[in-house]
Amino acid sequence: MVGMKAGSGIKTLESRLVDHLAYRPRGAAPGDLTGDLTRVTRNCLAAAVRTLGPRSSSVRQPDEIAGSAVRWAREGVALETVLGAYHDGIRSGLEFLAAEVGHDDAEQVVAGTRLIVQALEMVTVAASAAYVEEHRLVAKEHQTAAQTLVSALLGGHGVAQLARQTGITIAPVYQVVAVSIPRHPDEPRSGSADPAARRKLRRVQAALADPLGSRALSLLSTDGGTVLVPIETASALTLPAMTAEVLELVSAVAEVPLIATVVSGRTERIPELAARAHELLDRVRADGRPPGLYPVAAVAEPGADDECGLGAGMTVTDPDPCSTGCDSRQRLGNRLSRRSSPT
């Protein structure tokens with residue numbers, strides 16, 4: 001058995017290592033993330049050493065390793081931070097081993113080091129597996145909640161209640177983006193159930209998350225769909241926002257040329273804006289326009305003078321076509337018919 005003398009008694013190296021690891025850092029305030037991580041990971045390491053020690057009759061991993069990893073995944077603590085805390089504990093254990101075991105006792109050094117390495121393997125595998133699985137569940141829950149909220153926003157009903165249930169903040173103004181995702185060369189003609197189509201969709205979703213931020217909401221299939229990007233003010237777009245550059249980036253990651261139309265407006269007008277954006281998207285595709293981002297003309301607010309008739313398919317750079325008079329209708333129509341590339 002691995003052991004060493006401690007004063008007048010005999011205490012095993014395993015038990016002394018457990019005592020060293022299982023301690024509460026001085027000055028750690030309740031709720032302090034660093035202190036909590038250090039305390040819990042050190043206690044988990046101590047439990048792993050106790051389980052793996054020569055006196056243990058079972059090598060079943062302690063439940064607290066997976067349990068703490070699940071909690072940290074729910075709280076949004078990065079996995080790198082969790083594993084870093086475990087490695088700090090292992091480093092402390094190795095330093096303790098070097099200080100407590102004599103240099104001439106090679107057998108004790110080897111046995112102690114083997115025990116610490118086995119404990120590191122146990123906590124790393126158990127914590128990583130539990131964290132990743134819980135993170136997947138959290139992401140799936142958030143995706144389901146976000147898709148439900150997008151459906152409510154597009155339908156124009158039940159938004160406030162769903163926002164309270166999901167905890168997702170509703171912005172006063174959104175960019176409404178209608179997206180068309182063409183078939184990838186790897187996709188057979190069998191349709192959206194093909195693995196290549198699903199991989200393409202996951203690439204699009206992942207590429208959208210970085211430039212648009214976590215508050216952007218999407219309802220996408222392998223053929224396309226709608227993306228809602230929150231905007232802080234109605235007067236100007238603020239980053240993150242859907243731009244031609246962002247769409248080009250997403251197209252590159254998805255490995256397919258995307259076509260999209262975009263319009264901005266108040267949240268309560270999302271159903272109307274989405275209908276106009278998708279109507280224009282259908283026209284753009286039918287006309288054989290090249291891939292890119294096509295802005296929809298500014299849509300008049302309810303109650304505004306709309307005598308000049310805002311065409312649902314107009315794509316113009318003028319912020320308000322009615323402000324130039326109703327004679328602009330013909331000029332705008334001519335400009336749309338001549339247009340051959342996205343803005």
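- Here the side chains of L247 and M242 are in contact, with some heavy-atom distance below 4.5 Å.
- At least one side-chain heavy atom of V138 sits under 4.5 Å from a side-chain heavy atom of E134.
- Heavy-atom minimum distance, A69 versus Y131: O-CD1, 3.6 Å.
- A donor-acceptor contact shorter than 3.5 Å links the side chain of T267 to the backbone of A171.
- Taking CE from M122 and CD1 from I65, the interatomic distance works out to 6.0 Å, rounded to the nearest 0.5 Å.
- At distances below 3.5 Å, not a single donor-acceptor pair connects side-chain atoms of E248 with backbone N or O atoms of G292.
- No donor-acceptor contact under 3.5 angstrom links the side chains of H278 and T261, judged on distance only.
- With hydrogens and angles disregarded, no donor-acceptor distance shorter than 3.5 Å links the side chain of T81 to the backbone of V77.
- Closest heavy-atom contact between S180 and L281: N-CD2, 3.9 Å.
- The two residues T226 and V176 have their closest heavy-atom pair at CG2-CG1, 4.2 Å.
- In this structure, T243 OG1 and L293 CG are separated by 7.5 Å, a value rounded to the nearest 0.5 Å.
- The hydrophobic cluster containing V132 does not contain L137, counting ILVMFWY residues as joined when their side-chain heavy atoms lie under 4.5 angstrom apart, directly or transitively.
- Salt-bridge annotation for E95 and R91: absent, with no side-chain N of the basic residue lying under 4.0 Å from a carboxylate O of the acidic one.
- The closest side-chain heavy-atom distance from V82 to Y86 is below 4.5 Å.
- A 4.5 Å side-chain heavy-atom check between L162 and T148 finds at least one atom pair inside the cut-off.
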Practice problem: Please report the C-alpha distance between T222 and H184 in whole Å, then the side-chain angles of each, then the deciding distance to 0.1 Å, and finally whether the side-chain hydrogen bond (donor to acceptor under 3.5 Å, both in side chains) criterion is met. | Solution: CA-CA 10 Å; T222 56; H184 189 275; over 6 Å; no
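- Between the side chain of S92 and the main chain of D88, no donor-acceptor pair closer than 3.5 Å is present.
- Using a 4.5 Å cut-off between side-chain heavy atoms of Ile, Leu, Val, Met, Phe, Trp and Tyr, with links allowed through other members, L94 and L17 fall into the same hydrophobic cluster.
- Surrounding CZ of R74 are more than 12 heavy atoms belonging to other residues, nucleotides or ligands, all under 6.0 Å away.
- The pair E279-R276 does not count as a salt bridge, with every side-chain nitrogen at least 4.0 angstrom from each carboxylate oxygen.
- Under the 4.5 Å side-chain heavy-atom criterion for ILVMFWY residues, a single connected hydrophobic cluster contains both L220 and V246.
- Side-chain atoms of R42 come within 3.5 Å of backbone atoms of L21 as a donor-acceptor pair (strictly under, hydrogens ignored).
- Clustering ILVMFWY residues whenever any of their side-chain heavy atoms sit less than 4.5 angstrom apart, transitively, puts W72 in a cluster other than the one holding V70.
- The shortest side-chain heavy-atom distance between P62 and T51 falls under the 4.5 Å cut-off.
- Taking OG1 of T113 as the start and CG of L97 as the end, the distance is 4.5 Å to the nearest 0.5 Å.
- Atoms CG and CG, on L120 and L115 in that order, are 11.5 Å from each other to the nearest 0.5 Å.
- Counting non-hydrogen atoms of neighbouring residues, nucleotides and ligands closer than 6.0 angstrom, the CD atom of E121 reaches no more than 12 such neighbours.
- Closest of all the heavy-atom pairs between A260 and V177 is CB-CG1, 3.9 Å.
- V49 places none of its side-chain heavy atoms less than 4.5 Å from the side chain of I116.
- In the hydrophobic clustering of ILVMFWY residues, with side-chain heavy atoms under 4.5 Å counting as a link, L273 and V159 come out together.
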Practice problem: Could you please spell out the steps behind the side chain to side chain contact (heavy atoms under 4.5 Å, CB included) verdict for Q118 and R114? | Solution: CA-CA 6 Å; Q118 288 174 336; R114 181 182 296 114; 3.9 Å; yes
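- Within the model, atoms CZ of R203 and CG of L208 stand 13.0 Å from one another, a figure rounded to the nearest 0.5 Å.
- Looking at heavy atoms from C-beta onward, V253 lies out of side-chain contact with V204 at the 4.5 angstrom threshold.
- Between the side chain of S221 and the backbone N or O of D223, at least one donor-acceptor pair lies under 3.5 Å.
- Pairing each heavy atom of I231 with each of Y174, the nearest pair is CD1-C, 4.0 Å.
- One finds no salt bridge joining R50 and D19 here, because no Lys/Arg side-chain nitrogen approaches an Asp/Glu carboxylate oxygen to under 4.0 Å.
- Electrostatic pairing of E75 and R71 counts as a salt bridge here, judged by a charged N lying under 4.0 Å from a carboxylate O.
- S251 places a side-chain N or O within 3.5 Å of a backbone atom of L258 that can act as its donor or acceptor partner.
- Within a 6.0 Å radius of CD in E64, other residues, nucleotides and ligands contribute more than 12 heavy atoms.
- Here the side chains of R289 and R285 are not in contact, with every heavy-atom distance at 4.5 Å or above.
- In plain terms, the two heavy atoms of I259 and P291 that are nearest each other are CG1-CA, 3.6 Å.
- No donor-acceptor distance shorter than 3.5 angstrom exists from the side chain of S128 to the backbone of V125, with no hydrogens or angles considered.
- Y294 contributes atom OH, which lies 9.0 Å from atom CG of L280 (distance to the nearest 0.5 angstrom).
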Practice problem: Give the C-alpha distance, both sets of side-chain angles, the deciding distance and a yes or no for side chain to side chain contact (heavy atoms under 4.5 Å, CB included) between K200 and V256. | Solution: CA-CA 8 Å; K200 174 191 67 178; V256 288; 4.1 Å; yes
